[in-house]
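Structure, as structure tokens:
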Amino acid sequence: MEAGEAKKRIEKLRAAIEYHNYLYYVLDAPEISDAEYDALMKELLALEAAYPQFVTADSPTQRVGGAPAEAFRTVAHPLPLLSLNNAYDTGELMEFDRRVKKQTLAEPLTYVGEQKIDGLTVALLYQDGVLVQGATRGDGLRGEDVTANIRTIRSIPLKLREKIPGRVLVRGEVFMTRDSFQELNRERERAGQPLFANPRNAAAGSLRQLDPGVTATRPLDAFFYDLLLWEGAASTFPATHWEAQALLKEWGLKVNPYSRLCASIEEVVEYCREWEEKRSTLPWEIDGVVVKVNSLALQERMGTTAKAPRAKIAYKFSPEEAFTRVREIQVNVGRTGVLTPLAILEPVRVGGSTVGRATLHNEDFIREKDIRVGDVVVIRKAGEIIPEVVRVVPEHRTGTEKPFIMPARCPACGAAVYREPGEAAVHCLGASCPAQQKEKIIHFASKNAMDIAGVGPAVVNLLVDKGLIKDAAGLYDLTAGDLVGLERFGAKSAENLLAAVERSKENPPERLLFALGIRHVGEEMARRLVGHFRDLDRIFTATREELVAVPEIGEAIADSIRRYMEEAQNREFLERLRRAGLKFKAEEREAVAEPLEGKTFVLTGALAAFTREEAEEALRGLGARVTSSVSKKTDYVVAGENPGSKYQKAMDLGVPVLTEDEFLRLLADLRATEREASQRRDN
DNA sequence: AGGCCTCGAGTTCA
DNA sequence: CTCGAGGCCT
């Protein structure tokens, strides 16, 4: 970029940032997301670094905080409330550790890791144990006097639990939980008031109400992190940050229960990693981890720079939202023939991983969001893993972006495509579309279907392209001679694959039924159908009425099964599977007691003694149903390690939650009673 | 017809 | 995980 141009861009960015600062800090009504704001700031920082001659004292990059609103009295903090330097990856944490170690003398070096709450910083002043002042951080030197509002927060003590002579200054973070935030927004929506963008803004807006009566109705909460000042206590002042935390807790100030004392930087890194992963399970939002040298003497010795202490650092999580550009929109064909557009993105880090693709679902989704090739878009993680395109940023349009048009022919086989009126999906009409065939084979061999290890997307592609198989039945005709010599196939891998194919013949018929991929017949319906008819041939020859008579099987499912069987190609396919020796008939079942019959279980989180599948299997063996979502009809939720949202749902609905131990005991008890019963039978 | 509840299908990255 | 849609109950 040429210098004159850079200068113009710098000025434009500054004006924009100032404007958004004002909206954010003064009016508490931001128009853009934090991520967008950060992007503006980052661009400005980069330009100023490249052109230092244009840096001015009043640039927003030189300012520590925002301007205080006029209505509150400003007060000077007894000690400056510094901000923190940031680390954006573990490498920067290691560098921090090296800097700390240079200053360490004989004392053992330990750190404290704390969640960095996304709220707003406050400083509370207690005089002889009584709360006399509460102030926002402001620019770090002077903040706003919000004492009256602070007093309304229930978790903040107006008096410390013991009388502490002299002045005590503590630093904390006021925040709102996600649940409270949503509840507040629901109320505001009902009342026709503007909504808060996120919990942070809701907390800030609530604390900065001119009328403390309003603040009192807002569900604010607070954690306290630092004892900044304790006058006249030189001899009793704690030696470490960890002890200071304990002291605050003793005094009745709420401290974050997840803080951790770490013996090394490696433990700190582990702590950061852990919370970056689990952040979404917390009731409050965190945007990073604050790392502090535990020894207060060492903190003192390391001192501060103009704006931040050298003995502390904030490890910032990668943002949950990020910007990137749509390079291309691909169209994939699934096993049901549905054409699914997929955005190929410039890789970008978001929510702890690098994202390069995101589904665009269907034509309507793209039209609604007006996503075009070349657009800059906002990406977010839906749930823990799956990235989604939130919206486009039209400001970044240059006019060269190309709108997406759903192809009129299947990109895999060239057949015409068809969209049922009223349906979102576009289907490929090609009867032997290779993309569809491949997806069907992959599904057939997948874990929950026939579980043929070694037959995944890559191998299926290879086998179909080489003309070795045309459908899943072809797998059972493969010979070692077909495979050996193929790229990435040696004698051993060929043998393994054939063994896996052979083993799959023993699968029970419900797996086979599911593997066929009949529309509306998933794992659960396959189990029910086999449970009822016991034989695939009986299912395929059943009349519509007989099918509908099965609980949970309605007309749509019955018709889908009949339609499948009317297709000559499918009937022939089934005969080939039969000849290969696959099981069409269910094993005779012994009449086992089903003590959990009629009970519905939901599993969440990871169990230590089982995989999820094994636990489900064990429950089904006892007659229980295992479903995937919690409702009023759920009898028990079994919660393992790191339970997901289902745990919360269970609590909300008052469904009993079993720990893994309780669950294991339940199984053991039931099996014991079962054994006794069968012994009595034998006698 | 509407309101559950559950299942099916598609989804990404390490 | 999140949609959308099927099935069943009121």
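Because only heavy atoms are used, hydrogens play no part in the values below, and waters and symmetry mates are left out as well, while side chains stay in.
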[X] has an atom [atom1]; how far is it from atom [atom2] of [N], in whole Å?
X: A:Arg357; N: B:dT11; atom1: CZ; atom2: C1'; result: 11 Å
X: A:Asn448; N: B:dG8; atom1: CG; atom2: P; result: 12 Å
X: A:Arg519; N: B:dA9; atom1: CZ; atom2: C1'; result: 10 Å
X: A:Phe601; N: B:dT6; atom1: CZ; atom2: P; result: 14 Å
X: A:Ile442; N: B:dA9; atom1: CD1; atom2: C1'; result: 15 Å
X: A:Lys632; N: B:dC4; atom1: NZ; atom2: P; result: 7 Å
X: A:His520; N: C:dA5; atom1: NE2; atom2: C1'; result: 8 Å
X: A:Ile557; N: C:dG7; atom1: CD1; atom2: C1'; result: 7 Å

Salt bridge present between [X] and [Y] (N-O < 4.0 angstrom):
X: A:Arg273; Y: A:Glu270; value: yes
X: A:Arg200; Y: A:Asp287; value: no
X: A:Lys369; Y: A:Glu388; value: no

**Asked** Which part of the nucleic acid does A:Arg625 contact within heavy-atom distance under 4.0 Å: base, sugar-phosphate only, or nothing?
**Response** sugar-phosphate
**Touch class at under 4.0 angstrom, heavy-atom based, for A:Gly554 against every strand present** = sugar-phosphate
**Asked** Nearest nucleotide by nearest heavy atom, which residue falls closer to the 5' end of DNA chain B, A:Gly334 or A:Val355?
**Response** A:Gly334
Of the options [options], whose atoms approach the side-chain atoms of [X] most closely?
X: A:Glu552; options: B:dG8, C:dC8, B:dG10; answer: C:dC8
X: A:Arg528; options: C:dG6, B:dT6, B:dT11; answer: B:dT6
X: A:Lys633; options: B:dT6, B:dT12, C:dG7; answer: B:dT6
X: A:Ser631; options: B:dT6, B:dG8, C:dG7; answer: B:dT6
X: A:Ala556; options: B:dG8, B:dT11, C:dG7; answer: C:dG7
X: A:Leu342; options: B:dC7, B:dT12, B:dA9; answer: B:dT12
X: A:Thr336; options: B:dG10, B:dC5, C:dG7; answer: B:dG10

**Request:** Using only side-chain N and O atoms of A:Thr340, determine if any of them is under 4.0 Å from OP1 or OP2 of B:dT11.
**Result:** yes
**Ring-face cation contact, A:Phe196 with A:Arg188, 6.0 Å cut, 45° max** = yes
**Asked** If you count the non-hydrogen atoms of other residues, nucleotides and ligands that lie under 6.0 Å from CZ in A:Arg357, is the total more than 12?
**Response** no
